[in-house]
Protein chains: 2
Amino acid sequence: MTRPAKRITSEDVARLAGVSRTTVSFVLNNRPGQSIPEETRRRIFDAAKTLQYRPHASARSLAAGRSDIVLLSIPDLPIGSGISRYIEELAAALAENGLTLVTHLEGAHGRPVADVCATVAASAVIGLLPFTREAAAALHSAGAVAVLPPHAGEDLEIMEPVGHAQATHLIDRGHTQLGYALPAHTALKPMGDERLRGANSACAAAGLPAPLALSTSLEIADAAAAVRQWLDQGVTGVCAFNDDTAIAVLAGLREHGLSAPGDLAVVGADDIPTARLASPPLSTVAFDLHQAGARQAAAVVAALAGQDHDLGTTEGSLRVIQRASS
Amino acid sequence: MTRPAKRITSEDVARLAGVSRTTVSFVLNNRPGQSIPEETRRRIFDAAKTLQYRPHASARSLAAGRSDIVLLSIPDLPIGSGISRYIEELAAALAENGLTLVTHLEGAHGRPVADVCATVAASAVIGLLPFTREAAAALHSAGAVAVLPPHAGEDLEIMEPVGHAQATHLIDRGHTQLGYALPAHTALKPMGDERLRGANSACAAAGLPAPLALSTSLEIADAAAAVRQWLDQGVTGVCAFNDDTAIAVLAGLREHGLSAPGDLAVVGADDIPTARLASPPLSTVAFDLHQAGARQAAAVVAALAGQDHDLGTTEGSLRVIQRASS
DNA sequence: GTGAAAGCGCTAACAT
DNA sequence: ATGTTAGCGCTTTCAC
């Protein structure tokens, strides 16, 4: 009753095509180094199609020791909608390599990522934030062949250029005293620090003092306090960790009866849909999720093949979008 | 090199505990109807622990025919951060039943959800939006034992009450001519229609005409046009499909030099973090994701057990948050 | 109460 | 070029 439809196995396909299961496996998996006549090939494909054959994933991965499943672990943090674009791109790029992406949201009450990794038999797992050494070890012992990023910080690579671009934008517009709005959420801290680092280097390169970094929650009062402080210190432009934080800064300004960019210029990051709806419309630096996803996919494929892989450069993937706030 | 660590199998555990693999399986899976001495049980648990034994998921699901994996399919639509709360709750509730949740973002270029379902050998798949009859069939033939929601619209159940609550809020505040801001994004249409339906019924119940429904993108000009139309028609309060859309409406008002709630009251839905940062802070109706997740989990568990399950009521899971915009 | 043995559906040496 | 065969690690029926 529970399982009325008997599964179609490769045996069925073999029988219909008049060959052995081995041949079916070879053809369907397109194994290299085999010379199988076009004719046989076609018969097998046809048989598989008419039978609507779907290889049993568990059986396959049990036998092969690999699973073609890639797990993306998303930490429990307030992520903007941008991330879903990234996931889509990543999934698409992986799919082109025959890999399937599934994602796991690390929640406080959910199960540890290593458990999930083991349960789905993922052969690779990607962390949005780098894994600690212990976490990585746990993942490996949970069966993951590849764990990315392999070295802490590598995935944050895109973060630093963002901060750099933000600061540069403001510097180009004549600001000499910058501020940086860090997110209050602790899980976001690593990312925030990375972006701040980028801003620092941009200032240093321009012979300017480092930005005055302040962290703020998404509460108006909190943001208003930060704004007060920046203004008191002579800051004229602030880069925000992301657009949400930038919108908070804008709200903080409004709270004081001030506004951007006159009293304080502000530039966000991520280009969320509501950025242009802000008052005033928010300047922001957007990055090329498509490229990021494709690059990450390439790294996974390489890691799965046991090769080291250079992530390449971020060149050209950032774009600053100038709106009224700066 | 690629696989230096030999897997720890149940055989190892059996050996260390001095029993057979059968017994290990019985104990570790806590199979009912077996009377195994506490002593033996303990030995097995200990052995498993010291060996750090992790059952091989693929082998298990191959043999058992079930996988304990639940796949959540998320359609390609601009989702707010609220959804991740829901996913977390759902994952936690499923975890309590020994089920593991993974999610798949349906992208234009990704693979079809049925493929993913087959690849991960999910035994249940949940759609955020209902599946078409064909899609559900494909999922079943991909190995899914349960596909939810079983009947179109059931998952949208929460949508209608939202619209109802929004309209009621405005009606309570004396508005008699309502507007409804539908999202322009086509993928969001089903949800939007459902919420609108709820608003319609609230108006009908109050003896008022149905809300003037207009759809708007997240572009200021677009929203401004809608605002113009509402105002021309004598609308004094509008419910927006979600907070993003509501923020667009606020921006549209601003574009005309007007503001909420004086010129037009507006109430959103979802209570996104930036709702309170809007100008003016946005009134919104929030719903209890925790409860929604737990209920969905219960439905999955029931479906997996082959039982029909009543989703229960939405009673008390909605909360309207009054801020300055209404 | 516990163990032996037969698969689950597939892959991959090894034969032919 | 194709078939034979032996597992992958686990569950589960059936004897003991």
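Order of the sequence lines fixes the chain letters, A, B, ..., with proteins taken first and strands second; residue numbering starts at 1 for each chain.
- Nucleotide D:dT12 holds its P atom 14 Å from the CD1 atom of B:Ile36, rounded to whole Å.
- With hydrogens and angles ignored, a donor-acceptor pair under 3.5 angstrom links the side chain of A:Thr22 to the base of C:dA12.
- Using a 4.0 Å heavy-atom cutoff across all strands shown, A:Leu62 reaches at least one base atom of the nucleic acid.
- Distance, B:His56 NE2 to C:dC10 C1': 12 Å, rounded to whole Å.
- Nucleic acid contact for B:Ser61: none, since no nucleic acid atom lies under 4.0 Å from a heavy atom of the residue.
- Residue-level contact check: B:Ser25 touches the bases, meaning some heavy atom is under 4.0 Å from a base atom.
- Between B:Leu28 atom CG and D:dT12 atom P the separation is 13 Å, expressed in whole Å.
- For the pair B:Arg31 and D:dT12, the criterion of a side-chain N or O lying under 4.0 Å from OP1 or OP2 is met.
- When the C1' atom of C:dA12 is taken as reference, atom CZ of A:Arg66 falls 13 Å away, rounded to whole Å.
- Spacing between atom CD1 of B:Ile8 and atom P of D:dC8 amounts to 16 Å, rounded to whole angstrom units.
- Between A:Tyr53 atom OH and C:dT11 atom P there is a gap of 6 Å when expressed in whole angstrom units.
- Looking at heavy atoms from C-beta onward, B:Gln296 lies out of side-chain contact with B:Leu128 at the 4.5 angstrom threshold.
- Position along DNA chain C of the nearest nucleotide to B:Ser20 versus A:Ala59 favours B:Ser20 as the more 5'-ward residue.
- The nearest whole Å value for the distance from the CG atom in B:Asp68 to the C1' atom in D:dC10 is 13 Å.
- When all heavy atoms are compared, the tightest approach of A:Ile69 to B:Thr119 is CD1-O, 3.5 Å.
- Looking at which nucleotide of DNA chain D each of B:Ser10 and A:Val19 is closest to, the 5′-most match is held by A:Val19.
- Between A:Arg60 and C:dG9 there is no side-chain polar atom (N or O) within less than 4.0 angstrom of OP1 or OP2.
- Rounded to the nearest 0.5 angstrom, B:Arg7 CZ and B:Tyr53 OH are separated by 8.0 Å.
- Inter-residue side-chain proximity for A:Thr9 and A:His56 is flagged as unmet; no heavy-atom pair is nearer than 4.5 Å.
- One finds no side-chain N or O of A:Arg21 lying less than 4.0 angstrom from the OP1 or OP2 phosphate oxygen of C:dC10.
- Rounded to an integer number of Å, the gap from A:Asn29 CG to D:dT2 P is 16 Å.
- The two residues A:Leu99 and B:Arg111 have their closest heavy-atom pair at O-CZ, 4.1 Å.
- The phosphate of C:dG3 has OP1 or OP2 within less than 4.0 Å of a side-chain N or O from B:Thr23.
- Put simply, A:Thr40 has a side-chain N or O that comes within less than 4.0 Å of OP1 or OP2 on D:dT2.
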